[in-house]
Amino acid sequence: MATEGISRKRKRPNLFTNDVRALMYAFGDVPNPERESVAVLEDILTDYIVDMCHEAARMARTTNRNKVKVDDFKFALRRDYRKLGRVEELQRLSKEIHEARKTFDDSEGKSLSKSHGDKDK
């Protein structure tokens, strides 16, 4: 299993380096943290993401699906109430943003059609 992690690291080196460095600084580290510290946190983050994806894929397979859905991730996070709550909050906010854009686009379309209609008369 350790060899899988090494091969995975070689495929996508430094995928989250800038984000991890910024998060470290935001949580009180120095502006330019040691490369080794960033690399260790990036490895932990990458392993966590891969493990969560595998867990969600396993949930999808148990229901005979080939595609992973958000509900599979929610099921994988069911014991971590904080992360599950964050996922649900982000889903709710995404839905609100979608509705707001839809409302804005609809109202903008109506006002544009009114202005074009006035020119025809």
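Given the structure is predicted, the values throughout are model-derived calculations rather than measurements.
Connection of V38 to I49 is established within a shared hydrophobic cluster, with ILVMFWY side chains joined at heavy-atom distances below 4.5 Å, either directly or through further cluster members. Linking ILVMFWY side-chain heavy atoms closer than 4.5 Å, directly or via other members, places M52 and V87 in a single hydrophobic cluster.
Closest approach of T17 to E42, counting heavy atoms only: OG1-OE1, 2.9 Å. Between L41 and V20 the shortest heavy-atom distance is CB-CG1, 3.8 Å. For the residue pair R65 and K69, the shortest heavy atom distance occurs at NH1-CG, 3.4 Å. Closest approach of R21 to P31, counting heavy atoms only: CG-O, 4.2 Å.
Hydrophobic clustering, defined by side-chain heavy atoms of Ile, Leu, Val, Met, Phe, Trp and Tyr closer than 4.5 Å, leaves V30 isolated from every other such residue. Grouped by direct or indirect side-chain proximity (heavy atoms under 4.5 Å, Ile/Leu/Val/Met/Phe/Trp/Tyr only), I97 sits alone.
A search for side-chain hydrogen bond (donor to acceptor under 3.5 Å, both in side chains) contacts involving E88 returns nothing, not counting sequence neighbours. Scored by the salt bridge (Lys or Arg N to Asp or Glu O under 4.0 Å) test, D80 finds K83 as partners (sequence neighbours excluded). Checked against side chain to side chain contact (heavy atoms under 4.5 Å, CB included), A57 has the following partners two or more places apart in sequence or in another chain: R61, V68. Among residues two or more places apart in sequence or in another chain, the side chain to side chain contact (heavy atoms under 4.5 Å, CB included) test is passed with F75 by M59, R78. Every salt bridge (Lys or Arg N to Asp or Glu O under 4.0 Å) that R86 has, sequence neighbours left out, goes to E89. R79 is linked by a salt bridge (Lys or Arg N to Asp or Glu O under 4.0 Å) to nothing, counting only residues two or more places apart in sequence or in another chain. Remark: D29 pairs with M24, P33 by the side chain to side chain contact (heavy atoms under 4.5 Å, CB included) rule, at least two apart or across chains. In terms of the side chain to side chain contact (heavy atoms under 4.5 Å, CB included) criterion, residue partners of L23 (sequence neighbours excluded) are, by chain and number, F27.
Under the salt bridge (Lys or Arg N to Asp or Glu O under 4.0 Å) criterion, the residue pairs touching residues 90-103 are R92-E96, with sequence neighbours excluded. Residues in residues 32-41 take part in no salt bridge (Lys or Arg N to Asp or Glu O under 4.0 Å) pair, two or more places apart or across chains.
Within the 4.5 Å cutoff, no side-chain heavy atoms of L15 are placed close to those of T46.
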